[in-house]
Amino acid sequence: MNVQEQIKKYITSQPEPKRSDMQELHRIILQAMPKCKLWFLDGKDAKGKTVSNPNIGYGSYTIKYADGTTREFYQIGLSANTAGISVYIMGIRDKKYLANTYGKNLGKASVTGYCIKFKTIKDINIDILQAAIRDGVEITGKN
């Protein structure tokens, strides 16, 4: 199964209204990043143990670790969770940037470090979320 098929299967496996919200967010992110690399992480480690929720990734940037090693990872992530949906904006060094820049105008969402978490799309200002995504892509460079 290719990445696009995995993404489609993951989104369609979600109950409504989360499924429709995730389809819309997927469309919005692809609109902002039309030629981006797509990722699908099933949430399992190398031994097959579940270590996180599955997530969809968009774009690509290089994570630089303290020991000097690097790893390619996605810029924007999308994941369903028990409370709703999380959008991850990776690569922002200032852990307060998202909350300070977008938190007040986003609506009913919790914003931490690189994660924006909300129950449904109707709870947030989608224009502000789109601005945060575009900003995140700009900060980390290429997509």
Side-chain angles (χ1 to χ4, degrees), residues 1-99 101-103 106-143:
M1 191 174 341
N2 70 33
V3 173
Q4 289 173 327
E5 290 169 338
Q6 290 175 304
I7 291 169
K8 185 176 182 179
K9 183 178 177 184
Y10 174 58
I11 291 173
T12 58
S13 75
Q14 300 303 314
E16 285 295 354
K18 196 179 292 185
R19 178 185 320 139
S20 294
D21 284 353
M22 289 190 68
Q23 284 172 329
E24 179 64 6
L25 290 165
H26 181 64
R27 185 193 67 74
I28 287 168
I29 296 167
L30 287 176
Q31 187 176 24
M33 305 170 71
K35 296 179 181 173
C36 71
K37 177 178 180 175
L38 287 174
W39 304 63
F40 182 75
L41 297 135
D42 63 7
K44 297 183 189 325
D45 66 10
K47 295 178 184 174
K49 181 181 174 191
T50 300
V51 293
S52 70
N53 290 325
N55 52 85
I56 303 165
Y58 307 84
S60 175
Y61 87 105
T62 303
I63 297 174
K64 294 177 180 93
Y65 294 102
D67 67 1
T69 60
T70 60
R71 174 170 82 119
E72 182 186 19
F73 203 63
Y74 59 72
Q75 292 170 289
I76 306 297
L78 175 63
S79 180
N81 57 58
T82 54
I85 298 170
S86 294
V87 174
Y88 305 97
I89 302 176
M90 308 301 289
I92 298 173
R93 294 183 200 272
D94 180 351
K95 300 296 179 206
K96 295 181 183 178
Y97 179 79
L98 280 179
T101 307
Y102 300 103
L106 203 49
K108 288 188 200 173
S110 69
V111 184
T112 60
Y114 58 87
C115 180
I116 299 171
K117 197 181 299 185
F118 49 92
K119 188 167 176 73
T120 68
I121 282 181
K122 68 181 182 199
D123 291 337
I124 61 164
N125 182 328
I126 198 70
D127 292 333
I128 301 297
L129 180 63
Q130 285 175 298
I133 290 167
R134 283 191 303 271
D135 197 10
V137 171
E138 195 173 301
I139 288 168
T140 56
K142 67 177 178 136
N143 67 52

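Numbering of residues begins at 1 and proceeds along the displayed sequence. Model, not experiment: these values are computed from the prediction.
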Sub-3.5 Å donor-acceptor pair from the side chain of [X] to the main-chain atoms of [Y], do we have one?
X	Y	answer
Trp39	Val3	no
Asp21	Ile121	yes
Thr12	Lys9	yes

Notebook entry, point to check: How far does CD of Gln130 sit from CD1 of Ile133, to the nearest 0.5 angstrom?
Noted result: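 If I round to the nearest 0.5 Å, the distance is 7.0 Å.
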
Note to self: To the nearest 0.5 Å, what is the distance between CE on Met90 and OH on Tyr61?
What the structure shows: 4.5 Å

Margin query: Can you list everything that forms a side-chain contact (heavy atoms from CB on, under 4.5 Å) with Lys122? Sequence neighbours excluded, please.
Written below: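 Lys122: side-chain contact (heavy atoms from CB on, under 4.5 Å) contacts with Thr120.
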
If we only count heavy atoms from C-beta on, is the [X] to [Y] side-chain gap below 4.5 Å?
X	Y	result
Arg19	Ile11	yes
Leu129	Leu25	yes
Tyr58	Leu78	yes
Ile56	Tyr74	no
Phe118	Leu106	no

Margin query: Looking at Glu5 and Lys8, is any side-chain nitrogen of the basic one under 4.0 Å from a carboxylate oxygen of the acidic one?
Written below: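 A salt bridge is absent here (no side-chain N lies under 4.0 Å from a carboxylate O).
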
